[in-house]
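Since the structure comes first, as structure tokens, the remarks are kept for the end.
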2 protein chains.
Amino acid sequence: MDTFEYLVQELRDRNIRLSHQRLKILEYISNNRIHPTVDKIYSQLQKEIPTLSKTTVYNTLNTLAEAGLVKVLRIEENEARYDVDTKNHGHFKCEACGEVYDFHIDMDSLLCDGLEGFKVEEKDVYFKGLCPNCR
Amino acid sequence: MDTFEYLVQELRDRNIRLSHQRLKILEYISNNRIHPTVDKIYSQLQKEIPTLSKTTVYNTLNTLAEAGLVKVLRIEENEARYDVDTKNHGHFKCEACGEVYDFHIDMDSLLCDGLEGFKVEEKDVYFKGLCPNCR
DNA sequence: GTTCCTGCAAAAGCTTTGCAGAAGA
DNA sequence: TCTTCTGCAAAGCTTTTGCAGGAAC
């Protein structure tokens, strides 16, 4: 089962309605794993759905994030990016071209000190620098 | 030499003028290591400097960040926080009380895969969950 | 037939910009 | 004196909210 079908099933299970807009947004983020911004998703899908509004994109992504089906990335200073891959992994942002890359990370290997008594529920790792193309 | 004096010397070295407002902001963030927001810094210092404007707080923090003397934290969804400690360490945000805690971290222990050919210049680690008081 | 969703317009909140007067060196 | 900084007002951006019409079930 691919990601899109999995997400659709998850929506069904949670009684979240499968509107045309939601399905298209789900399809887009499943097939375009480029950590798109709201604006990117909106401008791409508007070609197919001319009546689409940015509000709906925001609403949908908030719904998906609350349901735990997408993860919100805050690697940009100003705008959010969205990731369908909710497994733990790192994000690298190239400061030259602005591209955001995934990389594998072993969270358990990370040695921390000073979190005794804390309940850690989420771990985000953001690296910045230059990607191979921009070096 | 304490942090405040060190920062003042750094400004002198870089020919950044030591205005009354800048010195007070430096003093505040040196003595209050609570990762304050612009609003926090502004409202606290306004008691001492009634004419202070938020624009100046923004200008100053941007200047300090460009000079590498403070680090901008983006652990909040909506607003930036500022940290005088520019050494590598992790930040934990309690999702109940909103407090941001520092913790020690050994970046070299972190096992990554897929960053061959990348030049990593900055590493940010953000954890979220519940702090001991809120559990 | 209900309930929930969409999309427009407006508002909210953080941050930046333009600029005249003030302060630092 | 010359340059830079301050602070007000206004603008710029992303994101949220209110609400009437429309779609999902």
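This structure is a prediction, so every number in the text was calculated from the model and none was measured. Naming convention: chains lettered A, B, ... in sequence-line order (proteins, then strands); numbering from 1 in each chain.
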Report all interatomic pairs (protein N or O, nucleotide N or O of nucleotides 20-25 of chain D) with separations under 3.5 Å.
residue: D:dA24; atom: N3; partner: A:R17; partner atom: NH1; Å: 3.3
residue: D:dC25; atom: OP1; partner: A:L18; partner atom: N; Å: 3.1

Practice task
Select one nucleotide: of C:dT15, D:dT15, D:dG7, the one nearest the side-chain heavy atoms of B:L52.
Solution key: D:dG7
Problem - Euclidean distance, atom OH of residue A:Y42 to atom P of D:dC13 [Å, nearest integer] - result: 16 Å
Scan nucleotides 16-18 of chain C against the protein and return all N/O pairs shorter than 3.5 Å with their distances rounded to 0.1 Å.
residue: C:dT16; atom: OP2; partner: B:N62; partner atom: ND2; Å: 3.1

Exercise for the section: Give a yes or no answer on whether the side chain of A:T86 reaches the backbone of A:V70 with a donor-acceptor pair at less than 3.5 Å. Expected result: no
Practice task
Could you state the atom-to-atom distance from CZ of A:R81 to P of D:dT15 in whole Å?
Solution key: 11 Å
Exercise for the section: Without swapping roles, check the side chain of A:T56 against the backbone of A:L52 for a donor-acceptor pair under 3.5 Å. Expected result: no
Fill in the blank from the handout: Output for pair (B:Y126 OH, B:R74 CZ), nearest 0.5 Å, gives 8.5 Å
Problem - Nearest heavy-atom neighbours spanning B:N88 and B:K123 - result: OD1-O, 3.5 Å
Handout entry: A:E48/A:K24 ion pair, N-O < 4.0 Å
Key = yes
Handout entry: B:R22, nearest nucleotide to its side chain (from D:dG7, D:dC5, D:dT15)
Key = D:dC5
Exercise for the section: Starting at atom CG of A:N78, determine the distance to atom C1' of C:dT15, rounded to an integer number of angstrom. Expected result: 10 Å
Practice task
For the residue pair B:H91 and B:H35, categorise the inter-ring angle as parallel (less than 30°), tilted (30 to 60°) or perpendicular (more than 60°).
Solution key: perpendicular
Exercise for the section: Mind listing the closest non-hydrogen atom pair of A:L23 and A:F4 along with its distance? Expected result: O-CE1, 3.4 Å
Handout entry: Sidechain N-carboxylate O distance under 4.0 Å for B:E76, B:R81
Key = yes
Problem - Nearest-Å distance for atom pair CG/P, residues A:D39 and D:dT15 - result: 9 Å
Problem - Validation row: B:Q9, B:L7 side chains within 4.5 angstrom (heavy atoms) - result: no
Problem - Output field: ring centroids A:F118/B:F127 closer than 6.0 Å - result: no
Completion exercise
Interatomic distance, NE2@B:H89 vs CG@B:D106, rounded to 0.5 Å, equals 14.5 Å
Exercise for the section: Indicate whether OP1 or OP2 belonging to C:dC8 is found under 4.0 Å from a side-chain N or O atom of A:S53. Expected result: no
Handout entry: Angle by which the axis turns from one end of the helix from C:dG1-D:dC25 to C:dA25-D:dT1 to the other, five pairs per end, to 10 degrees
Key = 40°
Exercise for the section: Could you check how far CD1 of B:I49 sits from P of D:dC5, rounded to whole Å? Expected result: 16 Å
Handout entry: Nearest-Å distance for atom pair CD/C1', residues A:E66 and D:dT16
Key = 13 Å
Problem - Interatomic distance where CG belongs to A:L23 and P belongs to C:dC5 [whole Å] - result: 13 Å
Completion exercise
Here the distance between atom C1' of D:dT16 and atom CD of A:E79, to the nearest Å, is 16 Å
